[in-house]
> 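The following block contains the structure, expressed as structure tokens.
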Amino acid sequence: MSLLPPSARIDIPKLYETESQPDPLVRAKLFTTWTHWTWYIIEFDGDDLCFGLVDGYERELGYFSLGELASIRGPGGLKIEREESFMPLSQSQLQSNLRSSGH
């Protein structure tokens with residue numbers, strides 16, 4: 001299963017399309033089940049490169065590769081997953097939710 005199947009890619013803006021927006025929408029969530037690392041996608045190049053909020057050792061905006069994430073294996077061969085029930089929300093709403101949940 002692809003981390004970002006074609007049906008999930010449709011509504012994600014291309015890279016740099018939201019850079020003039022003060023509070024862009026976060027469109028997808030990828031996560032590990034064995035750590036606290038999470039990747040929230042705001043933009044996508046249509047092939048491999050994403051831009052969004054990375055919540056790991058630090059919480060920061062940055063670029064990440066779907067190919068690299070798909071190659072990661074956790075204990076017992078666990079893979080990074082996409083939260084299929086994730087509903088788009090603004091970046092500020094997401095960050096507020098993360099602060100209030102203690103993440």
Side-chain angles (χ1 to χ4, degrees):
M1 181 171 136
S2 169
L3 281 176
L4 204 56
S7 62
R9 297 173 183 213
I10 293 170
D11 293 327
I12 301 175
K14 297 286 184 201
L15 289 182
Y16 312 110
E17 280 187 5
T18 69
E19 69 183 356
S20 64
Q21 297 175 12
D23 196 15
L25 283 180
V26 176
R27 306 293 182 136
K29 174 184 176 181
L30 308 174
F31 64 97
T32 61
T33 58
W34 67 95
T35 72
H36 66 278
W37 280 78
T38 308
W39 297 262
Y40 297 94
I41 300 172
I42 296 172
E43 299 174 341
F44 177 55
D45 74 354
D47 180 42
D48 180 64
L49 191 62
C50 295
F51 175 78
L53 184 69
V54 180
D55 190 5
Y57 294 122
E58 302 288 332
R59 186 173 299 142
E60 60 189 342
L61 291 170
Y63 295 90
F64 47 93
S65 161
L66 291 179
E68 287 181 20
L69 295 181
S71 72
I72 295 172
R73 296 294 179 269
L78 291 171
K79 299 177 183 179
I80 292 174
E81 299 179 21
R82 179 176 58 90
E83 185 177 309
E84 293 183 28
S85 63
F86 183 80
M87 297 300 294
L89 72 163
S90 70
Q91 182 182 330
S92 64
Q93 288 174 304
L94 172 63
Q95 290 180 317
S96 177
N97 292 352
L98 292 173
R99 279 192 297 274
S100 65
S101 70
H103 288 266

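Side chains included, hydrogens not; waters and symmetry mates left out as well; all remaining heavy atoms used.
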> Looking at side-chain heavy atoms only, is the closest gap between Pro88 and Val26 below 4.5 Å?
no
> Looking at every non-hydrogen atom in both residues, tell me the closest pair between Gly52 and Phe64 and how far apart they are.
N-CE2, 3.8 Å
> Do any N or O atoms from the side chain of Asp55 and from the backbone of Arg59 form a donor-acceptor pair under 3.5 angstrom?
no
> Can you find a heavy atom in the side chain of Thr32 that is under 4.5 Å from one in the side chain of Leu78?
no
> With sequence neighbours excluded, tell me which residues meet side chain to side chain contact (heavy atoms under 4.5 Å, CB included) with Glu43.
Leu15, Thr18, Phe51
> Can you tell me how far the CD1 atom of Ile80 sits from the CG atom of Leu30, to the nearest 0.5 Å?
7.5 Å
> Quick one: closest heavy-atom pair of Ile42 and Leu53, and the distance?
CD1-N, 4.5 Å
> Can you list every side-chain hydrogen bond (donor to acceptor under 3.5 Å, both in side chains) pair that touches residues 64-74, not counting sequence neighbours?
Asp48-Ser65
> So if you build clusters from Ile, Leu, Val, Met, Phe, Trp, Tyr with side-chain heavy-atom gaps below 4.5 Å, do Ile72 and Ile41 land together?
yes
> Enumerate the residue pairs fulfilling salt bridge (Lys or Arg N to Asp or Glu O under 4.0 Å) with a member in residues 10-28, sequence neighbours excluded, ordered by first and then second residue.
none
> State which residues pass side chain to side chain contact (heavy atoms under 4.5 Å, CB included) with Glu83; sequence neighbours excluded, sorted by chain then number.
Lys29, Phe31, Ser85, Phe86
> With sequence neighbours excluded, what pairs up with Ser96 under the side chain to side chain contact (heavy atoms under 4.5 Å, CB included) test?
Arg99
> For residues 3-10, which side-chain N or O atoms pair as donor and acceptor with protein atoms under 3.5 Å away, sequence neighbours left out?
{"unit_1": "Arg9", "atom_1": "NE", "unit_2": "Leu4", "atom_2": "O", "d": "2.4"}
{"unit_1": "Arg9", "atom_1": "NH2", "unit_2": "Leu4", "atom_2": "O", "d": "3.0"}

> Taking the side chain as every heavy atom from C-beta outward, state whether Val54 and Thr38 have any atom pair closer than 4.5 Å.
no
> If the condition is side-chain hydrogen bond (donor to acceptor under 3.5 Å, both in side chains), which residues does Gln21 pass it with, not counting sequence neighbours?
none
> Contact between Glu81 and Lys79 at the side-chain level, heavy atoms closer than 4.5 Å - yes or no?
no
> Holding to side chain to side chain contact (heavy atoms under 4.5 Å, CB included), I want the full list of residues that pass it with Tyr57, two or more places apart in sequence or in another chain.
Trp37
